[in-house]
Amino acid sequence: MVLCYHFPMRLAPGIRISNFLVGRFCTSVTESSKYWFKVGDTAEVTRQITSEDIRNFANLTGDNNPVHLDENYAKTKKFERCIVHGVLLNGLVSAVIGTKLPGPGTLVVSQDVKFPAPLYVWESVKAKVEVKSVRKGIVHMSAVCIAQESEKVVLSGNVKLYIPKDSLRSSS
């Protein structure tokens, strides 16, 4: 945000003002200056997804789609082997947001995510977020998950967050 102050060019007779103050003075003020993070900051987590993780997630959510649990079935759907639930990947993004950047107390308002390639069970994945903008407690971030072995993007998207005032913390 840029704040501009306008000073009058015409002054009352006998009053002088320096050239510095005559005209328009602008200064950049960033909304993010009250937060411990800034636009461009990133955070990430890397994790290997195991078949036990997939079974636990399927049991918890009830998503027992055989493409996640049955290797023979997954192969009939043109996958090399069982694939990780997309929402599990999104959970890794949520973990980064809620524990690292911006951190505890952050609330997800909305998300727009895509899954351009599958992540296979037993692959390691890096979930990374980047701050894109901060204004009045609303933070926009990009999110990406990358399969470490193939270097393929398996999740990409944008996240809109709300940071309650009582959740602000310093960088210490």
*After noting the C-alpha distance and the side-chain angles of Lys132 and Met141, does the key distance pass the side chain to side chain contact (heavy atoms under 4.5 Å, CB included) rule?*
CA-CA 5 Å; Lys132 293 299 188 179; Met141 302 185 92; 5.6 Å; no
*Please check if Val129 and Val39 belong to a single hydrophobic cluster, counting links between Ile, Leu, Val, Met, Phe, Trp and Tyr side chain heavy atoms closer than 4.5 Å.*
yes
*Say whether Val67 and Val121 are linked into one hydrophobic cluster, either directly or through other cluster members, by side-chain heavy-atom distances under 4.5 angstrom.*
no
*Distance (rounded to the nearest 0.5 Å) between Leu107 CG and Ile97 CD1*: 11.0 Å
*Of the non-hydrogen atoms in Ala127 and Cys145, which two are nearest, and what is the gap between them?*
CB-SG, 3.7 Å
*What is the distance from atom CD of Glu71 to atom OG of Ser51, rounded to the nearest 0.5 Å?*
10.0 Å
*How about Val96 and Lys128: do any of their side-chain heavy atoms sit closer than 4.5 Å?*
no
*In Å and rounded to the nearest 0.5 Å, what is the CD to CD distance from Glu80 to Glu123?*
7.5 Å
_Give me the atom names and distance for the closest heavy-atom approach of Pro116 to Val153._
CG-O, 3.3 Å
*Would His68 and Ile83 satisfy side chain to side chain contact (heavy atoms under 4.5 Å, CB included), going step by step from the backbone distance to the final call?*
CA-CA 5 Å; His68 304 298; Ile83 61 171; 3.8 Å; yes
*Could you tell me whether a side-chain N or O of Gln48 sits under 3.5 Å from a main-chain N or O of Trp122, the two making a donor and an acceptor?*
yes
*State whether the side chain of Asp63 and the backbone N or O of Asn65 hold a donor-acceptor pair below 3.5 Å, judged by distance alone.*
yes
_Starting from Phe79, can I reach Phe57 by hopping between I/L/V/M/F/W/Y residues whose side chains sit under 4.5 Å apart?_
no
*Stepwise, does the side chain to side chain contact (heavy atoms under 4.5 Å, CB included) test hold for Gln148 with Ile146?*
CA-CA 6 Å; Gln148 296 298 277; Ile146 300 171; 4.3 Å; yes
_To the nearest 0.5 Å, what is the distance between SG on Cys82 and NZ on Lys75?_
9.0 Å
_Within this structure, what is the CG-CD distance for the pair Leu161 and Gln111, rounded to the nearest 0.5 Å?_
8.5 Å
*Considering non-hydrogen atoms only, spot the tightest contact between Pro104 and Thr99 and give its length.*
CD-O, 4.3 Å
*asked:* Are Val87 and Phe115 connected into the same hydrophobic cluster when the rule is that any two of I, L, V, M, F, W, Y join if their side-chain heavy atoms are below 4.5 Å apart?
replied: yes
*What is the minimum heavy-atom distance between Gly105 and Pro164, and which atoms define it?*
O-CD, 3.3 Å
_Go through it in stages, so that I can follow the logic: the residues are Phe37 and Val134, the test is side chain to side chain contact (heavy atoms under 4.5 Å, CB included), and I'd like the CA-CA distance, side-chain angles, deciding distance and then a yes or no._
CA-CA 9 Å; Phe37 56 89; Val134 182; 3.8 Å; yes
*Cluster check Leu89, Val144: I/L/V/M/F/W/Y, side chain < 4.5 angstrom*: no
*asked:* Among Ile49, Leu88, Leu155, which residue satisfies the side chain to side chain contact (heavy atoms under 4.5 Å, CB included) criterion with Leu119?
replied: Ile49
*Atom CD in Glu130, atom OG in Ser142: separation rounded to 0.5 Å?*
4.5 Å
*Could you tell me which non-hydrogen atom of Ala74 sits nearest to which non-hydrogen atom of Arg81, and how far apart they are?*
CB-O, 3.5 Å
*Side-chain donor/acceptor of Asp53 to backbone N/O of Thr50, under 3.5 Å*: yes
_Side-chain donor/acceptor of Asn59 to backbone N/O of Asn56, under 3.5 Å_ = no
_Minimum-distance pair of heavy atoms, taken over all atoms of His140 and Ile138_ = NE2-CG2, 3.7 Å
